[in-house]
**Q** 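Can you keep this structure in mind? I'll have questions shortly.
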Amino acid sequence: MKPEKIILGIDPGTNIMGYGVLKVVGGKAEMVCMGVIDLTRFCDAYMKLGHIFERVTGIIDAYLPDEMAIEAPFFGKNVQSMLKLGRAQGTAIAAAVHHSVPIHEYAPMKIKMAITGNGGASKEQVAGMLQRLLKLDKADMDKHLDATDALGAAYCHFMQMNRPESTAHFKSWKDFVNKNQDRVKK
């Protein structure tokens, strides 16, 4: 039997927070679900945080992820926006910690690079590439790009799991090949 792993991806937001769940069996990933947590009906910032904790906890209880991948906040010029986004991210992280789910944080550029090969890719390009990589029908795609961004965080983590622990130990590609003969196709 092939080992199975469930990865929860989170795209933090203060009005819309995306989530995506991947199931990994062997070396293949498939989407379980994706969606958004709509926070627009809450006027109070602390009520939003409470709802984030409640909903992320519910998603964790429903899908029992083995790990969580979360997008790191990008550094903008508006300090208040950064603070609010950091609180939202921290609340999602607290829900995972509360359930003993290991957390992996990825910069937006790293996620885009892992999915599209371009760290400056648009949200639409990330969504389109995920649709192809995961062989999703157009009907399976969420209209909110926050959901596909969250799925992208989970897929980025899936890709990182299959990489060597550190390429820093290799002096060159030739050195990598010599130390990884089992991974070289001839």
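By convention here, the first residue in the shown sequence is residue 1.
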**Q** Quick one: do the His144 and Asp146 side chains pair a donor with an acceptor below 3.5 Å?
**A** no
**Q** Among side-chain atoms of Asn118 and Thr116, is any donor-acceptor pair under 3.5 angstrom?
**A** no
**Q** So how far is it from His51 NE2 to Leu49 CG, rounded to the nearest 0.5 Å?
**A** 11.5 Å
**Q** Any chain of hydrophobic side-chain contacts (each under 4.5 Å) joining Tyr63 to Ile60?
**A** yes
**Q** Is a side-chain N or O of Asp137 found less than 3.5 angstrom from the main chain of Asp140, in a donor-acceptor match?
**A** no
**Q** Is there a path of hydrophobic side-chain contacts, each under 4.5 Å between heavy atoms, that joins Val101 and Leu64?
**A** no
**Q** Is it possible for you to say whether Leu85 and Val79 belong to one hydrophobic cluster, with membership spreading through side-chain heavy-atom contacts below 4.5 Å?
**A** no
**Q** Please list every donor-acceptor pair under 3.5 Å in which a side-chain atom of residues 5-33 meets a protein atom from a residue at least two apart or in another chain.
**A**
{"unit_1": "Lys5", "atom_1": "NZ", "unit_2": "Glu67", "atom_2": "OE2", "d": "2.4"}
{"unit_1": "Asn15", "atom_1": "OD1", "unit_2": "Lys48", "atom_2": "NZ", "d": "2.8"}

**Q** Any side-chain heavy-atom pair from Asp142 and Leu151 closer than 4.5 angstrom?
**A** no
**Q** Should Met68 and Ile52 be counted in the same cluster of Ile, Leu, Val, Met, Phe, Trp and Tyr side chains packed under 4.5 Å apart?
**A** yes
**Q** Just how far is it from atom SG of Cys156 to atom NZ of Lys112, taken to the nearest 0.5 Å?
**A** 12.5 Å
**Q** Can you tell me how far the CE atom of Met113 sits from the CD1 atom of Ile111, to the nearest 0.5 Å?
**A** 12.5 Å
**Q** Out of curiosity, Thr148 OG1 to Leu136 CG, how far, rounded to the nearest 0.5 Å?
**A** 10.5 Å
**Q** List the atom of Ala127, the atom of Leu145, and the distance in Å for their closest heavy-atom pair.
**A** CB-CD2, 4.0 Å
**Q** Throw together a table of side-chain donor-acceptor distances under 3.5 angstrom for residues 89-99, partners on residues two or more places apart or in other chains.
**A**
{"unit_1": "Gln89", "atom_1": "NE2", "unit_2": "Glu71", "atom_2": "O", "d": "3.3"}
{"unit_1": "Gln89", "atom_1": "NE2", "unit_2": "Glu105", "atom_2": "OE2", "d": "2.7"}
{"unit_1": "Thr91", "atom_1": "OG1", "unit_2": "Arg87", "atom_2": "O", "d": "2.8"}
{"unit_1": "His99", "atom_1": "ND1", "unit_2": "Ala95", "atom_2": "O", "d": "3.0"}
{"unit_1": "His99", "atom_1": "NE2", "unit_2": "Asp61", "atom_2": "OD1", "d": "3.0"}

**Q** Could you give the distance from CG (Leu134) to CD (Gln131), rounded to the nearest 0.5 Å?
**A** 9.5 Å
**Q** Ignoring hydrogens, what is the shortest heavy-atom contact between Pro73 and Met82? Give both atom names and the distance.
**A** CB-CE, 4.0 Å
**Q** On the 0 to 90° scale, with breaks at 30° and 60°, tag the His157-Tyr106 ring pair as parallel, tilted or perpendicular.
**A** tilted
**Q** Can you check whether Leu133 reaches Ile115 side chain to side chain, under 4.5 Å on heavy atoms?
**A** yes
**Q** Cluster question for you: counting only ILVMFWY and a side-chain heavy-atom cut-off of under 4.5 Å, with indirect links fine, are Val56 and Met34 together?
**A** no
